[in-house]
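Below is one structure; the comments refer to it alone.
Everything numeric here is computed off the predicted structure, so don't read it as measured data. Letters go in sequence order (proteins before strands), and every chain restarts at 1.
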Amino acid sequence: MWRQSEILHQGAEAIVISGYWMGDKSVLKIRNPRSYRHPDLDRRLTRQRLSVEVRALTKLHSSTISCPSLLDVDIDNGWILLSYIDGETLYESLLSGSSGFEQIRDLGRLIRELHELGISHGDLTTHNIMINQEGDLSLIDFGLSKIIPEIEQLGLDLQVLNECLNASHHEYEGAIEVLIEGYLSSHNNFLPSGDEVIGRFNAIRGRVRYHA
Amino acid sequence: MGVILGIESTAHTFSIGGVLADGETIPSSSALYRPKDGGIHPREAADHHSLISGDKIKDFIEENNIPLEQIDAIAFSQGPGLGPCLRVGASVARSLSDKLGVPLIGVNHCVAHIEIGRLQTGCDDPVLLYVSGGNTQVIARKGGRYRVIGETLDIGIGNMLDKFARTQGIPFPGGPKIEKLALEWERKNPVTSLDNIILPYAVHGMDLSFSGILTAAVQKISDGHTLEEVCWSLQEHVFSSCIEVAERALAHTGKKELLLGGGVACNERIRKMSELMCNDRGAIAYWPEKQYCVDNGTMIAELGRRMLEHNLETKLEDSAIDPSMRTDHAEVVWT
């Protein structure tokens with residue numbers, strides 16, 4: 001049923017392998033034990049993160065947000081099989097200049113849509129956002145997400161992304177402000193409101209050590 | 001050969017060290033302010049520094065037989081750190097520079113941790129896991145600057161360990177004692193489950209937080225767990241979270257070297273974890289000698305040396321301290 005083709009990425013938590021499952025292009029993510037972590041802690045984190053990823057993807061499956069479909073999972077052995085998302089990471093796309101402020105604004109809007117579904121991502125770096133030829137954005141890697149998050153987690157999503165934009169995409173000066181514009185462009189009556197989340201984000205970024 | 005002196009006074013430590021123009025280090029002479037009770041009081045620490053600074057400098061110069069005419073420049077920590085403490089080091093540096101008629105070089109304390117690590121270990125382009133009392137940051141060079149990739153969202157890891165230690169009557173600095181107690185627990189309980197003593201594990205993408213785990217650890221003591229066991233669990237949880245973030249940074253940047261720095265990098269357990277993590281992903285872990293992990297004047301001198309090579313002197317009117325100086329504040333022109 002599964003035919004492996006190539007290792008796509010050795011992440012901090014999982015090895016990502018592309019292949020074919022029942023003939024469809026898909027991705028196998030294996031969370032190998034981290035030898036630096038005590039085995040009990042490692043097991044606990046792997047289970048937690050796989051379970052929450054399954055729950056988040058299940059919830060997102062019926063939404064308009066593009067993300068991988070869950071094909072199979074084995075929590076005891078630490079792997080998850082997902083449909084393949086076409087395109088490149090936003091990290092690469094911003095670096096090469098194929099993406100820019102327009103995509104950053106779209107991303108802000110997409111994050112708000114995610115939050116309005118009651119999910120925080122927890123690990124929003126530009127390596128966990130995919131973009132295809134048509135410029136459509138997808139989200140991947142939900143292992144640190146929270147279902148029904150507190151406002152703090154929503155603000156943190158923006159802070160993690162803010163830090164990533166500063167550290168890795170400093171060419172796009174003011175990117176975070178453009179992202180916020182996108183975030184605030186949704187006018188659904190969802191609580192906490194966009195303004196409240198941005199307020200919390202500003203509080204968080206004022207809390208870190210040496211902020212601008 | 002010329003010598004560059006470095007003066008460090010960002011927090012508890014007043015230290016003077018040096019480095020020769022070719023990069024040979026002269027170990028620092030340091031004095032640590034230890035509060036009688038409670039945490040650091042910036043003004044009391046500053047008083048301590050100003051009281052001992054004269055003697056420390058005199059001793060350092062005499063013990064190392066440094067002829068005054070061979071001093072090429074005076075480097076000092078310009079930030080980030082505690083204002084009153086920074087001011088002492090800056091004043092001392094300004095007067096030395098003026099008296100000797102040599103350039104003054106204000107340096108970034110966090111960047112100095114990277115540069116002494118590079119000098120000491122020979123690593124070239126590392127991700128720095130900087131773990132100290134006040135700071136917990138993951139830093140890497142990109143686009144001609146050192147940039148913060150991840151950091152603590154509340155308190156520094158060392159600060160958390162010290163605070164926990166203080167609740168248990170262990171004086172500052174608490175980290176070494178916590179390490180010893182954790183080791184004792186492991187020795188007495190070679191097969192033990194971490195599931196018996198679960199603490200929060202707070203990784204948020206590339207960021208960390210430690211205040212929740214501090215509260216939880218104190219609670220575990222009230223629940224009847226022994227201090228040894230809590231110290232052990234505390235180390236396992238917080239160090240794992242730091243190493244995880246470091247690994248994320250390696251994956252994100254594609255770099256192959258991890259460098260430890262800061263006082264908490266003296267801990268053998270976090271060193272071991274770095275090594276295991278790096279081995280698993282084909283990277284290499286480095287750390288400098290303990291005397292260069294903790295705050296020290298030699299690292300300030302080393303960054304001063306690199307900057308002097310590129311004539312990056314600090315004019316007197318630009319030598320004001322900056323308690324919240326950012327890691328990416330200045331362009332990195334040296335290799």
One thing to verify: whether A:R49 and B:E244 come together as a salt bridge, which I'm taking to mean a side-chain N less than 4.0 angstrom from a carboxylate O. yes

Please say whether more than 12 non-hydrogen atoms of neighbouring residues, nucleotides or ligands are located less than 6.0 Å from CD1 in A:I147. yes

Taking everything shown except A:E102 itself, do over 12 heavy atoms lie less than 6.0 Å from its CD? no

Is it the side chain or the backbone of A:D141 that comes within 4.5 Å of chain B heavy atoms, both, or neither? neither

Tell me, for A:H9 versus chain B, whether the close heavy atoms (under 4.5 Å) come from the side chain, the backbone, both or neither. side chain

Most heavy-atom pairs under 4.5 Å with chain A, out of B:M206, B:M273, B:H252, belong to B:H252

Heavy-atom proximity to chain A below 4.5 Å, by part of B:R145: neither

Mind listing the closest non-hydrogen atom pair of A:D40 and B:D195 along with its distance? CB-OD1, 3.5 Å

Side chain, backbone, both or neither: which part of B:V245 has an atom under 4.5 Å from a heavy atom of chain A? neither

Working for side-chain contact (heavy atoms from CB on, under 4.5 Å), residues A:R34 and B:S240: CA-CA 10 Å; A:R34 314 315 285 165; B:S240 292; over 6 Å; no

Begin with the C-alpha distance, continue with both residues' side-chain angles, and end with the deciding distance and a verdict on side-chain contact (heavy atoms from CB on, under 4.5 Å) for B:L276 and A:R37. CA-CA 9 Å; B:L276 289 168; A:R37 256 187 322 233; over 6 Å; no

Within the 4.5 Å heavy-atom criterion, are B:H237 and A:H38 side-chain neighbours or not? no

Which atoms of B:L199 are under 4.5 Å from chain A, going by heavy atoms: the side chain, the backbone, both sets, or neither? backbone

Heavy-atom side-chain contact between B:D154 and A:R207 under 4.5 Å: no

Measure distances from A:Q153 to the heavy atoms of chain B and classify the residue's part below 4.5 Å as side chain, backbone, both or neither. neither

Tell me, side chain or backbone of B:I139 under 4.5 Å from chain A's heavy atoms, or both, or neither? neither

What is the distance from atom NZ of B:K272 to atom OG of A:S35, rounded to the nearest 0.5 Å? 9.0 Å

Separation between OH of A:Y36 and CG of B:N279, rounded to the nearest 0.5 Å: 13.5 Å

With a 4.5 Å cut-off on side-chain heavy atoms, are B:Y201 and A:Q48 touching? no

When you compare the side chain of B:R248 with that of A:D123, does any pair of heavy atoms fall below 4.5 Å? yes

Please flag which part of B:T192 lies under 4.5 Å from any non-hydrogen atom of chain A: side chain, backbone, both or neither. backbone

Working note: B:L153 + A:L156, criterion side-chain contact (heavy atoms from CB on, under 4.5 Å); need CA distance, chi angles, decisive distance, verdict. CA-CA 9 Å; B:L153 297 168; A:L156 269 177; 3.0 Å; yes

Supply the atom-to-atom distance A:Q159 CD to B:H204 NE2, rounded to the nearest 0.5 angstrom. 11.0 Å

